[in-house]
Amino acid sequence: MDMNEIKEIFFQECEEQLAELESGLLKLNDGDRDPETVNAVFRAVHSIKGGAGAFGLDDLVSFAHVFETTLDCVRSNKLEPTQDVLKVMLKSADVLADLTNAARDGGSVDEARSRTLIRELEALAHGETHAAEPAAPKPVAAASKPAEPAPVVAKPDVNDEGFQPIPFSFGDFDDEPAAQYVPTCQIVFRPNRELYAKGNEAVLLLRDLSRLGEMSVYCDMDRLPPLDKMNPEEAYFSWKVSVTTDKGEDGVRSVFEFAEWDCELDVRTIEEEIVGDAADDDEPPMQAVPFDLSLLEDGPAAGGEEEPVASESDAAAAIAAADTASKVAQVASRAAENAKAAAAAATAAQANQASAAGQTIRVDLDRVDRLINLVGELVINQAMLSQSVVENDNNGVSSINMGLEELQQLTREIQDSVMAIRAQPVKPVFQRMARTVREIADITGKSVRLITEGENTEVDKTVIDKLAEPLTHMIRNAVDHGLEMPEKREALGKNPEGTVRLTAKHRSGRIVIELADDGAGINREKVRQKAIDNDLIAADANLSDEEIDNLIFHAGFSTADKVSDLSGRGVGMDVVKRSIQALGGRISISSKPGQGSVFTMSLPLTLAVLDGMVVTVAGQTLVVPLTAIVETLQPEASAIHSFGASQRLISIRNSFCPLVDVGRILNFRSTQANPMDGVALLVESEGGGQRALMVDAIQGQRQVVIKSLEANYTHVPGIAAATILGDGRVALILDVDAVVAASRGQPLRQDISLAATG
Amino acid sequence: MKKKVLTVDDSRTIRNMLLVTLNNAGFETIQAEDGVEGLEVLETSNPDVIVTDINMPRLDGFGFIEGVRRNEKFRAIPILVLTTESDAEKKNRARQAGATGWIVKPFDPTKLIDAIERVTA
């Protein structure tokens with residue numbers, strides 16, 4: 001794995017974190033005050049910042065940092081997450097998403113927007129915290145430091161006497177080697193027991209010191225009590241070290257960076273002569289000794305050293321003592337080990353069970369698609385095999401038939417399982433809609449609340465991917481055209497805050513997505529007038545409310561008097577309808593003046609397979625999607641009634657239903673077929689009630705693998721797709737809605753004819 | 001013998017970076033995604049040093065460090081904390097929980113290996 005791959009992972013992770021962030025913020029917005037929600041939100045931003053920092057994505061880091069600081073205030077209860085605060089945060093989440101996208105794909109972000117938000121976030125963090133206490137991370141750090149030994153990094157360049165070191169150049173002393181003037185540091189190092197308890201090691205610190213320069217070491221063992229009084233976890237030794245180094249006191253102190261809280265440490269720089277003076281005190285003389293690293297356990301660092309091994313006994317003793325001190329601690333800790341082992345194993349087993357639930361793996365989508373394609377081929381192949389066995393099976397070899405049946409069942413199960421891999425909850429798309437709503441609400445000055453339901457409804461990933469665009473457009477429409485301005489709503493006695501409800505659910509093998517708003521509903525007068533103006537309908541056309549409502553799906557139709565930059569964008573509801581249809585879906589609208597509109601989309605769960613009824617029409621084999629069929633019946637002469645010039649009705653259980661001759665509509669034949677010679681399929685079409693489709697015969701019912709006709713040939717009106725049957729022949733899949741629409745007098749090529757008139 | 005490092009971090013990005021960096025530097029790497037998993041993995045993996053993040057779901061870095069220090073078998077193990085420069089408060093809390101040292105983010109491979117070498121023999 002290289003850095004680019006990790007970066008790819010980073011961006012994937014960002015997407016997940018952003019989703020987490022948004023859903024967390026929305027939960028907070030709904031009044032959720034669970035600390036874990038706040039934590040999750042904080043962690044999401046924190047993670048993004050961490051990864052971005054590693055890749056040097058500075059814009060992202062700096063924004064995430066400000067965001068994180070403000071979230072931290074919420075986390076520590078210094079900032080109340082009110083609606084106003086959350087509004088800023090939700091916008092910030094949007095900007096964070098933009099910055100992430102910009103970092104990945106290049107492109108720019110709205111800098112003015114992010115600067116404004118940075119200011120707002122900072123104001124939130126400071127406004128609340130300054131009054132209470134100096135709680136922002138930095139002030140705390142500064143305030144707490146004086147109480148303890150100052151960390152090396154923060155230590156000003158002033159020594160204990162208050163003298164500032166003066167930069168000194170050796171450049172003037174070219175004749176003398178600079179090395180002679182390398183200062184010596186004298187270090188007194190007395191570790192506390194905590195130092196060992198935290199996993200630090202005196203011997204390792206001494207090793208690091210030895211790397212700074214020539215070092216001499218003296219170990220003070222005076223405090224070591226007799227063996228019977230010795231506490232194995234106590235720290236008894238201290239060390240006096242002098243190192244000749246050009247790294248200075250700071251360099252020495254940085255060695256003790258991790259340990260300085262847990263030891264007494266005194267570092268001072270001395271000049272060569274004073275070393276002698278110090279040695280003249282009653283302290284033992286120190287000798288410059290090479291530091292023997294072979295005493296350390298084997299390790300990469302020890303192996304790399306090139307220092308001579310000829311160790312002086314003093315140094316060896318010092319190191320050995322340090323080593324012993326830590327070994328004693330280790331031995332002591334191992335003693336208790338066995339007692340705890342059993343309990344630990346039990347806990348581990350328990351924990352393993354807990355983590356076994358909900359495990360997932362990440363798989364490249366291409367691999368799943370390849371598998372799905374192969375399974376598709378397998379299904380076709382299995383069907384062909386069954387068919388040829390049946391055709392050649394004159395002696396009724398039942399064992400083969402049974403085997404084939406099992407094969408069929410297995411194939412079906414494999415297919416279902418593979419499809420399940422691709423199934424994903426609609427949640428991510430729904431979450432994206434939340435942002436869309438916020439943005440439009442902002443621009444239009446309307447107050448909108450988005451309620452989502454059934455976010456966990458699963459549907460094929462391809463469907464999800466293609467759902468975002470039409471949904472975005474519909475939501476824009478709902479807010480821009482559907483909802484009224486707050487003042488108007490109030491005047492009408494409605495809640496000034498409009499509601500848009502987005503719902504997903506499974507219904508009879510399809511996913512149904514509903515988008516409902518509580519706005520003004522469709523202004524039918526306006527729609528009708530517009531349609532007349534655009535020559536979509538005749539001025540005297542007599543249309544039902546439903547038909548008027550459905551006019552908005554016609555090409556080039558827009559009810560807004562002026563094209564706003566929102567719903568405008570050059571696309572109308574006709575594009576939405578077409579993209580839903582391209583997914584094998586249907587869309588309809590129902591609207592009540594003053595109460596709002598409901599758009600209902602029904603989509604197949606997968607675009608790969610379909611349960612279909614195989615029928616014959618005028619010698620052609622067609623497949624009718626099973627989900628569309630309500631029932632099949634054999635028409636009787638007494639049930640057929642003529643209606644108008646060429647229309648016929650069939651009476652079913654005391655109600656009349658228009659009879660649609662599929663062969664006639666698809667132009668398979670020029671004359672109407674006799675209903676008594678065929679079979680009627682009662683279908684339910686979106687918004688159009690029931691129709692009886694006339695076909696010549698039913699061959700059977702089977703699952704077919706959908707092959708796109710548009711991708712392989714071209715769009716054929718009235719035909720949704722194609723498939724390969726068991727005998728290897730291509731059969732066309734009927735587009736029931738298109739055929740029903742055509743039967744209502746709208747020609748099949750309605751798009752083209754409308755384009756010509758409009 | 002290769003040194004074994006246990007890394008505990010909930011970010012997939014950072015986990016991968018740690019993995020690549022440590023493997024390249026010749027360490028054996030074991031990974032956990034949060035404190036709870038870290039404590040589980042610890043029991044079976046016997047690492048020489050632990051590198052842990054602070055902000056994690058289920059059990060955060062502080063809790064994880066305390067858990068390790070309470071464990072008789074592993075309480076002497078060096079633990080390095082991934083932390084941010086600005087947050088001295090967190091560094092302090094980690095230290096009090098029993099962290100051996102820290103690695104300041106943004107993640108830098110050299111700093112990481114340096115810190116590990118400092119606390120291991």
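Throughout, a chain's letter reflects where its sequence line sits, starting with A, and its residues are numbered from 1.
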> Counting only non-hydrogen atoms closer than 4.5 Å, does B/D60 touch chain A with its backbone (N, CA, C, O), its side chain (CB onward), both, or neither?
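No part of B/D60 comes within 4.5 Å of chain A.
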> Please list, chain by chain and in numerical order, all residues satisfying salt bridge (Lys or Arg N to Asp or Glu O under 4.0 Å) with A/E194, sequence neighbours excluded.
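By the salt bridge (Lys or Arg N to Asp or Glu O under 4.0 Å) rule, A/E194 matches no residue at all.
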> Hey, what do you get for CZ (B/R58) to CD (A/E36), rounding to the nearest 0.5 Å?
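If we round to the nearest 0.5 Å, B/R58:CZ and A/E36:CD are 11.0 Å apart.
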> If you measure from CG on A/N39 to CE on B/M56, what distance do you get to the nearest 0.5 Å?
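The CE atom of B/M56 is 12.5 Å from CG of A/N39, to the nearest 0.5 Å.
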> Could you pull out the closest heavy-atom pair between B/N16 and A/I9, with the gap in Å?
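Closest pair (atom of B/N16, atom of A/I9, distance): ND2-CD1, 3.2 Å.
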> How many angstroms lie between atom CZ of A/R75 and atom CG of B/N55, to the nearest 0.5 angstrom?
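Here the rounded value is 5.0 Å.
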> Checking heavy atoms, do the side chain of B/R69, its backbone, both or neither come under 4.5 Å from chain A?
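For B/R69, side-chain heavy atoms alone lie under 4.5 Å from chain A.
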> Rounded to the nearest 0.5 Å, how far apart are NZ of A/K49 and OG of B/S11?
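Those atoms lie 13.0 Å apart.
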> Check whether B/L80 gets within reach of chain A through its side chain, its backbone, both or neither, counting any heavy atom under 4.5 Å.
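For B/L80, the contact with chain A is made by the side chain alone.
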> Counting neighbours of CZ on A/R104 that are heavy atoms of other residues, nucleotides or ligands and sit closer than 6.0 Å, is the number greater than 12?
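Check passes, neighbour count above 12.
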> So do the side chains of B/I54 and A/H46 get within less than 4.5 Å of each other, counting heavy atoms only?
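Counting from C-beta outward, B/I54 and A/H46 never come under 4.5 Å.
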> Measure distances from A/F42 to the heavy atoms of chain B and classify the residue's part below 4.5 Å as side chain, backbone, both or neither.
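The side chain, not the backbone.
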> Write down the atom of A/D262, the atom of B/R95, and the distance for their closest heavy-atom approach.
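Taking every non-hydrogen atom into account, OD1-NH1, 4.0 Å.
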> Who among A/Q17, A/K7, A/E16 has the most heavy-atom pairs with chain B under 4.5 Å?
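Ranked by contacts with chain B, first place is A/E16.
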> State the CD1-CD1 distance between B/I14 and A/I6, to the nearest 0.5 angstrom.
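One gets 9.5 Å once the value is rounded to the nearest 0.5 Å.
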> Which one of B/G98, B/G26, B/A25 has the most heavy-atom pairs closer than 4.5 Å to chain A?
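Heavy-atom pairs under 4.5 Å are most numerous for B/G98.
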> Within this structure, what is the CD-CG distance for the pair A/E13 and B/D10, rounded to the nearest 0.5 Å?
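With rounding to 0.5 Å, CD (A/E13) is 7.5 Å from CG (B/D10).
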> If you look at every heavy atom in B/T120 and A/L204, which pair is closest and at what distance?
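So the minimum-distance heavy-atom pair works out to O-CD2, 3.6 Å.
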> Which heavy atom of A/Q12 sits nearest a heavy atom of B/R12, and at what distance?
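Reported closest heavy-atom pair: OE1-NH2, 3.7 Å.
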